[in-house]
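Below, all heavy atoms of this structure are taken into account, side chains as well, without hydrogens, waters or symmetry copies.
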Amino acid sequence: MAQLQTDVAIVGAGPAGLMLAHLLHNAGIESVVIDNRSRDDIAHTHRAGILEAGSVRMLEAAGVESRVHTDGHRHDGIDIRVNGSSNHFDFPELVGESVWLYPQNEIFVDLSAARERTGRPTYYSVTDTRLGDIETERPWATATTEDGDELRIDARYVVGADGSRGPCRSMIPDGTRQRFFHEYPFAWFGILCEAPPSHEVLIYSRSERGFALISQRSDNVQRMYFQASPDTDVADWSDDRIWTELQARVDGPDGFELKTGPIFDKTVLPFRSAVTEPMQHGSMFLAGDSAHTVPPTGAKGLNLAFADVAVLAPALISALKDSDAEALAGYSQTATKRVWKAQNFSYQMTRMLHTDPTQDAFETKRSLGELRSILESDHGRRYLAECYTGWPHG
């Protein structure tokens with residue numbers, strides 16, 4: 001068995017785990033990172049695409065050689081269409097901030113390259129990951145490497161950034177761990193297509209046929225979604241049927257038309273919200289999807305993971321360099337304040353913009369009234385812009 005001694009063992013080599021590892025490295029703190037996925041799998045998994053202003057500043061401050069400003073696209077707003085009428089949100093005018101379209105897999109590519117330059121170890125494609133002694137000052141993690149070798153990592157702290165299906169969250173005892181969960185009665189039917197952007201910013205559309213999101217991925221690949229039943233079978237939807245449905249959900253008096261092209265990926269995405277509290281136990285700390293998930297309507301998933309790291313990294317640095325263990329004591333309490341704000345915003349956006357088959361006519365009309373109360377109020381528009389572009393880190 002190969003045995004490694006380090007300051008922090010990080011389970012999960014996605015953007016949250018690698019960003020944490022990079023910040024620790026900048027402070028002279030050692031870490032070992034492991035992940036059950038291959039590097040190629042992570043690099044080609046298409047997920048979140050919107051970065052808050054604070055997340056971009058975090059990449060800049062950490063000195064990551066990110067391509068966000070060269071290959072990404074700054075978006076100064078969004079459009080919300082209601083039954084074909086467009087309402088534009090100018091973020092710089094409303095709150096003095098912008099967001100960036102830059103896919104999560106590209107952030108991973110930047111961060112994994114930064115990790116490689118440090119020379120510190122990262123193990124991909126591991127199996128049988130286990131943790132132990134997390135209630136002591138010498139926790140450990142074991143795994144089997146891609147080559148079949150047994151690996152043991154002895155550390156002072158363990159961080160679980162291993163996603164919603166990883167083993168770390170379950171290490172918090174049942175009597176201590178609380179899991180808050182909500183499942184929505186609809187899903188998103190998502191596509192990737194070869195086409196130019198249909199609009200310069202994202203379009204969130206509410207219509208009598210249901211919700212649609214006209215998102216982007218790059219100059220020639222676009223991501224789009226429409227609300228569907230969770231049991232929808234992608235095989236039932238031809239390309240022509242998909243484009244007809246998407247166009248119907250954005251049709252309006254302005255004559256807006258989608259830019260179409262070959263569809264090369266179709267998926268159905270269930271809608272769930274979940275939060276685990278506390279986000280720490282003993283010498284183990286959770287970050288990102290291992291602690292919380294949000295529906296993608298508010299573009300908060302990856303940004304919440306970075307916000308967790310923005311709280312956790314300086315606390316770990318203080319504990320390890322200044323022997324200030326108290327710096328870590330308030331991590332969960334601080335992080336979950338933002339988590340619940342993001343949950344509220346994501347829930348609010350989801351409920352305002354979707355039609356719910358389980359709602360009565362009153363609730364359907366009420367949610368439309370809630371949406372209009374924001375669209376038709378200067379204060380409401382600033383509130384939405386502030387939530388969307390993100391709150392300060394820390």
Side-chain angles (χ1 to χ4, degrees), residues 2-35 39 42 54-68 107-124 126 129 131 133-134 136-143 145 151-162 168 279-288 290 305-332 334-335 392-394:
Q3 291 187 282
L4 298 177
Q5 299 279 343
T6 193
D7 294 318
V8 182
I10 301 174
V11 184
L18 291 181
M19 174 58 84
L20 176 63
H22 190 75
L23 294 174
L24 295 177
H25 170 77
N26 287 349
I29 292 173
E30 296 182 356
S31 65
V32 176
V33 183
I34 61 174
D35 200 296
R39 187 186 186 283
I42 306 174
S55 295
V56 173
R57 286 193 284 267
M58 192 173 178
L59 286 165
E60 294 167 345
V64 177
E65 293 183 16
S66 171
R67 294 163 292 132
V68 63
I107 298 171
F108 165 76
V109 171
D110 296 339
L111 286 168
S112 62
R115 177 69 175 178
E116 290 176 7
R117 288 192 293 271
T118 69
R120 299 194 187 277
T122 303
Y123 294 87
Y124 296 99
V126 304
T129 300
L131 281 72
D133 293 336
I134 66 166
T136 75
E137 294 185 356
R138 297 306 302 170
W140 50 263
T142 61
T145 70
L151 175 67
R152 178 184 170 104
I153 307 165
D154 291 293
R156 176 60 188 90
Y157 297 106
V158 173
V159 173
D162 52 340
C168 292
M279 291 171 58
Q280 62 189 97
H281 184 75
S283 296
M284 186 192 72
F285 302 85
L286 303 178
S290 62
F306 270 18
D308 291 346
V309 171
V311 176
L312 182 56
L316 284 169
I317 293 167
S318 293
L320 288 163
K321 300 199 77 171
D322 303 326
S323 299
D324 181 12
E326 286 300 310
L328 285 164
Y331 164 66
S332 179
T334 300
H393 281 179

Next on the checklist: For a quick check under 3.5 Å, do S66 and D110 share a side-chain donor-acceptor pair by atom type?
Outcome noted: yes

Checklist entry - Between L59 and F306, is any pair of side-chain heavy atoms under 4.5 Å apart? => result yes

Could you pull out all donor-acceptor pairs under 3.5 Å where a side-chain atom in residues 19-26 meets a protein atom, sequence neighbours excluded?
from	atom 1	to	atom 2	distance (Å)
H22	NE2	A62	O	3.0
H25	ND1	R120	NE	2.9
N26	ND2	A62	O	3.0

Checklist entry - R117 versus S112: any side-chain heavy-atom pair under 4.5 Å? => result no

Next on the checklist: With a sphere of 6.0 Å drawn around CD of E116, does it hold more than 12 non-hydrogen atoms of other residues, nucleotides or ligands?
Outcome noted: yes

Checklist outcome for this item: On a heavy-atom basis, the closest approach of D162 and S290 is OD1-CB, 3.4 Å

Checklist entry - How many angstroms lie between atom CZ of R67 and atom CD1 of I107, to the nearest 0.5 angstrom? => result 10.0 Å

Checklist outcome for this item: For L286 and C168 the tightest heavy-atom approach is CD2-CB, 4.0 Å

Item to check | Nearest non-hydrogen partners of R39 and F108, listed with the distance | outcome: O-CE2, 3.6 Å

Checklist entry - Just by distance, do the side chain of S283 and the backbone of Y157 share a donor-acceptor pair under 3.5 Å? => result no

Checklist outcome for this item: One should read off an interatomic distance between D35 CG and Y123 OH, to the nearest 0.5 angstrom, of 14.0 Å

Next on the checklist: If I take atom OG1 from residue T334 and atom CG from residue D308, how far apart are they, to the nearest 0.5 angstrom?
Outcome noted: 11.0 Å

Next on the checklist: If I take atom CE from residue M279 and atom CE from residue M284, how far apart are they, to the nearest 0.5 angstrom?
Outcome noted: 10.5 Å

Checklist entry - What distance separates H393 NE2 from R57 CZ, expressed to the nearest 0.5 Å? => result 8.5 Å

Next on the checklist: Quick one, L328 and L312 - any side-chain contact, counting heavy atoms below 4.5 Å?
Outcome noted: yes

Checklist entry - With a 4.5 Å heavy-atom cut-off, do I29 and L316 have their side chains touching? => result no

Please tabulate, for the side chains in residues 2-18, all donor-acceptor contacts under 3.5 angstrom to protein atoms that are two or more places apart in sequence or on a different chain.
from	atom 1	to	atom 2	distance (Å)
Q5	OE1	R138	NH2	3.1
T6	OG1	E30	O	3.3
T6	OG1	S31	N	3.2
D7	OD2	E30	N	2.9

Checklist entry - Minimum heavy-atom separation for R156 to P139, with atom names? => result O-CD, 3.4 Å

Checklist outcome for this item: Rounded to the nearest 0.5 angstrom, the OG1-CD1 distance for T122 and I34 is 10.5 Å

